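These notes are about the structure you will find just below.
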There are 2 protein chains.
Amino acid sequence: MTSATPARPPGRPRSGVNDVVFAATLSTVHELGYARATVERIAAAAGVAKTTIYRRWPTKGALIVDCLLDAFGPVPVDGGSKAAILSGAIRWIAGKIGEPGVGDAFAGVFSDAVSDPGLRLILATRLQDPYRIALQDALGEPEQRVLFFIDVVVGTLLHRLGMTGVPMVEADVDALVDMVLPVFG
Amino acid sequence: MTSATPARPPGRPRSGVNDVVFAATLSTVHELGYARATVERIAAAAGVAKTTIYRRWPTKGALIVDCLLDAFGPVPVDGGSKAAILSGAIRWIAGKIGEPGVGDAFAGVFSDAVSDPGLRLILATRLQDPYRIALQDALGEPEQRVLFFIDVVVGTLLHRLGMTGVPMVEADVDALVDMVLPVFG
DNA sequence: CATTTGCGCTACCTTAAGTTTCGAAACCTC
DNA sequence: GAGGTTTCGAAACTTAAGGTAGCGCAAATG
């Protein structure tokens with residue numbers, strides 16, 4: 001019979017520094033901005049060799065995406081009215097984008113994806129799809145409409161952050177909710 | 001008495017290749033994407049030396065912004081109802097973003113601005129402000145609301161382009177208009 | 001102890017932005 | 001036409017960053 005827990009592969013196991021690298025990534029991006037947060041600097045901040053990072057993530061973009069997945073966690077899709085689900089999702093992502101480092105990393109990796117189809121695929125499948133599917137299930141809306149919803153919400157929040165360097169204030173998030181609810185609620 | 005036409009400065013006058021460079025910029029961005037459209041390649045496509053470009057624009061970002069200003073031209077603010085002005089502006093910018101090279105250059109320069117405050121300033125003052133002011137005057141709306149409008153419209157359109165590589169289809173532009181009009185009309 | 005794999009380190013390759021230098025060309029004034 | 005001033009094109013250069021390769025050592029399994 002095959003064991004339920006797969007046998008540990010031979011050789012030295014990886015040290016558990018992923019969380020340290022994620023924290024170093026966010027703090028470095030927060031302090032220096034996305035472009036100046038080089039892999040070398042992130043590695044130094046994490047107390048780790050650059051090669052260790054490239055053994056775990058193939059590119060800087062993949063590292064950032066995993067870091068964001070770790071920072072976001074699961075979507076809080078509390079059962080409730082459609083309006084409650086939508087406004088909850090908007091306020092949740094707006095709050096995350098306001099956390100130090102998270103918004104900059106989010107906007108930065110989107111930036112790189114503009115001219116990098118490989119990164120665009122990672123972004124779509126690893127980051128966007130899980131949240132899109134969760135929203136589809138919770139709302140019972142077709143894929144197209146949920147994608148449009150995501151474009152509006154994330155696009156607006158990131159455009160504000162990118163143009164001003166400051167996350168959107170609460171009053172404008174309220175306005176965003178008020179604008180979106182009649183269409184999707 | 002001082003002459004109405006200021007005396008031409010001494011030395012060899014600049015050749016009139018700005019338009020050629022703009023066209024080469026858009027076609028190169030369209031063919032290769034933003035990141036691979038290097039200044040050297042743009043110069044080669046324009047039949048011009050790289051140093052000539054750097055004599056006229058201090059950075060790649062400044063070149064792109066001027067190229068976009070040339071491509072956009074003035075906002076078509078036809079007098080009419082608020083709703084007509086708003087939907088006209090949305091469809092106009094959506095159309096421009098759909099032109100080959102323009103959308104990619106727009107998204108790309110926004111990308112760079114995320115971690116480049118200097119470029120952000122150029123972008124805000126040279127590109128965004130004229131259109132924002134024109135809209136403020138035409139709509140009689142305060143600055144904050146017009147900025148929010150721009151964040152929603154441009155953010156949504158660029159997020160779609162950045163995530164998919166394809167400009168937003170007309171049906172979704174219609175949905176964007178329908179969503180925005182009740183709030184701003 | 002033998003094997004296998006991860007880590008840190010260093011050196012390296014490649015690409016791209018932006019700079020410098022220099023000889024030649026174009027324009028103006030005298 | 002001569003001299004002065006600025007631009008152009010070409011090439012070499014600097015710097016920064018992403019990403020790779022090789023090495024010796026450490027940590028696990030058997």
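Small disclaimer: the values here were computed from a predicted structure and weren't measured. Within every chain, numbering begins at 1; the chains are lettered A, B, ... in the order of the sequence lines, protein sequences first and strands thereafter.
In this structure, F149(B) and F184(B) have perpendicular ring planes: the angle between them is above 60°, well past the 30° mark.
One can place CD1 of I53(A) at 16 Å from P of dG6(C), the figure rounded to the nearest angstrom. Nucleotide dC13(C) holds its P atom 18 Å from the OH atom of Y54(A), rounded to whole Å. Atom CZ in R56(B) sits roughly 9 Å away from atom C1' in dT7(D) (whole-Å rounding). Distance L119(A) CG to dG18(D) P: 13 Å, rounded to the nearest Å. Spacing between atom CG of N18(B) and atom C1' of dT7(D) amounts to 13 Å, rounded to whole angstrom units. The CD1 atom of I64(B) sits 11 Å away from the P atom of dG18(C) (whole-angstrom rounding).
A salt bridge does not link D116(A) with R36(B): every distance from a Lys NZ or Arg NE/NH1/NH2 to an Asp or Glu carboxylate oxygen is 4.0 Å or more.
For Y131(B), the ring-ring contact (aromatic ring centres under 6.0 Å, His included) partners are W92(B), not counting sequence neighbours. Take D178(A) and apply the salt bridge (charged side-chain N to carboxylate O under 4.0 Å, His left out) test, not counting sequence neighbours, and it matches no residue. Partners of Y34(A) according to the ring-ring contact (aromatic ring centres under 6.0 Å, His included) rule, which considers only residues two or more places apart in sequence or in another chain, do not exist here.
One end of the helix from dC1(C)-dG30(D) to dC30(C)-dG1(D) points its axis 10° away from the other end's axis, with each axis taken from 5 pairs and the angle rounded to 10°.
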Completion exercise
Counting primed atoms, P, OP1 and OP2 as sugar-phosphate and everything else as base, the B/S/- map of nucleotides 22-30 of chain C against protein heavy atoms under 4.0 Å is ---BBBS--
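Applying the 4.0 Å criterion to OP1 and OP2 of dG8(C), one finds that T51(A) has every side-chain N and O outside that range.
Nucleotides of DNA chain C nearest to G61(B) and S15(A) differ in position, and the one nearer the 5' end is that of S15(A).
Using a 4.5 Å heavy-atom threshold, the side chains of I64(A) and W57(A) count as separate. Taking 4.5 Å as the limit, every side-chain heavy atom of D174(B) sits out of range of all side-chain heavy atoms of V177(B). Side-chain contact between F22(A) and L63(A) is present, with at least one heavy-atom pair separated by less than 4.5 Å. Counting only heavy atoms from C-beta outward, the side chains of I97(A) and M168(A) never approach each other to under 4.5 Å.
Ring centers of F106(B) and F72(B): under 6.0 Å apart, within the cut-off.
Non-hydrogen atoms lying under 4.0 Å from DNA chain C are contributed by T38(B), V39(B), R41(B), K50(B), all within residues 29-50 of chain B.
Side-chain N or O atoms of K60(B) include none that pairs as donor or acceptor with a backbone N or O of V39(B) at under 3.5 Å.
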